[in-house]
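Remarks on the structure that follows.
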Amino acid sequence: MARPFRPSALLWGAFLAAGAVALALRLRAPGHRALPWLTASLLILLAPRVAALIHDWRRGRVPGTRVLLPAVILAEGLGLVVADASRLTVQLRLGTALALEVLLLILAVRAWRSTRTRSSAWPEDRIAAAFEAFVPPRAARLMALELVMLGSAVRFLSGGFREAAPEGFTHHREAALRAILPAVPLMIPGDFLLMKAVSSGWSPWLRWTLHGTTVYAVLWLVGLYATLKARPHRIREGSLELHLGLVKSATVPVDHILSASPLPEFEDDWARHAHMKGVPSLVAKGNAVLELKLSEPIRVTGLLGPGRPTQRLAVSVDDPAAFLAALGQSCA
């Protein structure tokens, strides 16, 4: 069933597009005459959204804290428009923005403390629960996943994941990512020199942005490998818990598994693609892949939340024989 169209999505899309153009102009041409018009357009797009959030809050549809972040942005934007206004107006704007920012900080600390008592096994769930007080659930989940991914990378590089992998059915030992990561430090100097040669005539901010994205990509790969190692597949309390690091997860009742077997041999990649079309994949490249067929549909949770119902899954494991034997014992 198709989701109904939401005007707020169009407003947010137009707001982000105008904001990106305004940011690019401010960095490259701070005195550009189009900047005031873009700022006014941003405020015109943002004001109805803030009004809609206030309306939803009064009807109990969203928490009041969800209004604060857009309100802070609106207040700061108005400050740019009325920069030449009277001293009283400027002071009023600064006071409003400061009060909103202090309130936002206080409520953020309270939301974080309230989630520390939750029994959730994964840190991204607790962080997302705190962020949901201020941003929509999907945005909160993405922000939480990025923080945990980067935190896992830093911890791994500092030696925090050197211990043995937790008990379960691993799929990091045979993963191609494990073979690639040791070569990444050797590739960074060459990548730096190549980017320097290609971007020699570019603006400094753009060059540093490209270097930053390279560092971010490396950290993301390290974090993915660290979470692959830290989150093996497990069979607990009659359920099969599947993970692809932080990227995907699913929980399948063992008695719903009709069959688990290696993928058949395919004549070519087209045949493989046709066989796997629409099948959620929790696969680390380089591992053996098993196909699970289920009696009841389940949903695989991805970066943006639960996906479509499915009765087939593709799962990678380091030791397929041990995995299949454990499933057979659990189903018996």
Side-chain angles (χ1 to χ4, degrees), residues 121-122 149 152 156 160-184 221-303 306-332:
W122 306 117
M149 188 73 81
S152 298
F156 179 84
F161 282 109
R162 303 303 182 191
E163 64 272 10
E167 293 184 1
F169 304 97
T170 64
H171 60 152
H172 72 279
R173 293 179 183 140
E174 303 296 329
L177 188 58
R178 186 181 188 184
I180 293 172
L181 285 180
V184 169
L221 288 175
V222 173
L224 177 58
Y225 177 76
T227 53
L228 279 176
K229 181 178 179 180
R231 303 186 185 194
H233 308 315
R234 293 180 176 180
I235 299 176
R236 294 195 297 186
E237 299 178 357
S239 294
L240 173 61
E241 299 175 357
L242 301 169
H243 298 280
L244 183 63
L246 294 180
V247 180
K248 293 180 183 179
S249 63
T251 300
V252 183
V254 173
D255 56 5
H256 288 183
I257 301 176
L258 296 177
S259 66
S261 59
L263 290 179
E265 296 290 335
F266 299 103
E267 294 182 359
D268 50 41
D269 290 340
W270 290 105
R272 180 187 179 93
H273 178 75
H275 181 80
M276 300 303 297
K277 185 176 181 180
V279 178
S281 174
L282 291 90
V283 173
K285 298 295 184 181
N287 290 90
V289 180
L290 303 176
E291 181 180 359
L292 307 184
K293 295 182 180 179
L294 315 176
S295 60
E296 300 289 338
I298 59 110
R299 294 178 184 267
V300 175
T301 301
L303 293 176
R308 295 179 178 179
T310 182
Q311 289 181 252
R312 295 170 62 203
L313 291 173
V315 180
S316 63
V317 286
D318 289 326
D319 189 347
F323 182 76
L324 292 173
L327 279 182
Q329 293 171 4
S330 299
C331 292

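Residue indices begin at 1 and follow the sequence shown. All values derive from a computational prediction rather than experimental measurement.
Although no hydrogens or angles enter the test, the distance criterion places no donor-acceptor pair under 3.5 Å between the side chain of His172 and the main chain of Ala230. Of the possible donor and acceptor atoms, none in the side chain of His233 sits under 3.5 Å from a partner among the backbone N and O of Thr170. One N or O on the side chain of Lys248 and one on the backbone of Ser281 form a donor-acceptor pair closer than 3.5 Å. Side-chain N or O atoms of Ser316 include one that pairs as donor or acceptor with a backbone N or O of Ala284 at under 3.5 Å. The backbone N or O of Gln311 sits nowhere less than 3.5 Å from a side-chain atom of His256 that would complete a donor-acceptor pair. A donor-acceptor pair under 3.5 Å is formed between the side chain of Arg299 and the backbone N or O of Gly307.
The OG atom of Ser152 lies 10.0 Å from the CG atom of Leu224; values are rounded to the nearest 0.5 Å. Of the inter-residue distances, the one linking Leu324 atom CG with Asp319 atom CG reads 9.0 Å to the nearest 0.5 angstrom. One distance of note links CG of Leu258 with CZ of Arg312; it measures 12.5 Å at 0.5 Å rounding.
When all heavy atoms of Pro253 and Thr251 are compared, the pair lying nearest together is CD-O, 4.0 Å. In terms of heavy-atom proximity, Pro320 sits nearest to Ala288 at CG-CB, 3.5 Å. Nearest heavy-atom pair across Val279 and Ala314 is CG1-N, 3.8 Å. Here the shortest heavy-atom pairing between Leu294 and Thr310 reads CD1-O, 4.2 Å. The two residues Val254 and Leu240 come nearest to each other via the heavy atoms CG2-N, 3.9 Å. Between Ala260 and Leu292, the closest heavy-atom pair is CB-CD2, 3.3 Å.
A salt bridge is absent between Glu167 and Arg234; no separation between the charged side-chain nitrogens and carboxylate oxygens falls under 4.0 Å.
Looking at Met149 and Thr227, their side chains come closer than 4.5 Å, going by heavy atoms from C-beta outward. Put simply, the side chain of Asn287 does not reach to within 4.5 Å of the side chain of Val289, judged on heavy atoms. With contacts defined as side-chain heavy-atom distances shorter than 4.5 Å, the pair Leu290/Pro262 qualifies.
When the options Val283, Val315, Leu244 are evaluated for a side chain to side chain contact (heavy atoms under 4.5 Å, CB included) with His171, the one that passes is Leu244.
Every pair tested for salt bridge (charged side-chain N to carboxylate O under 4.0 Å, His left out) that includes a residue from residues 260-273 fails, sequence neighbours excluded, so the list is empty.
Listed by chain and number, the residues in a ring-ring contact (aromatic ring centres under 6.0 Å, His included) with Phe169 are Phe323 (sequence neighbours excluded).
Between His275 and Phe266, the ring-plane angle classifies as tilted under the 30° and 60° cut-offs.
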**Request:** Show your reasoning for whether side chain to side chain contact (heavy atoms under 4.5 Å, CB included) applies to Leu313 and Ile298.
**Result:** CA-CA 10 Å; Leu313 291 173; Ile298 59 110; 4.0 Å; yes
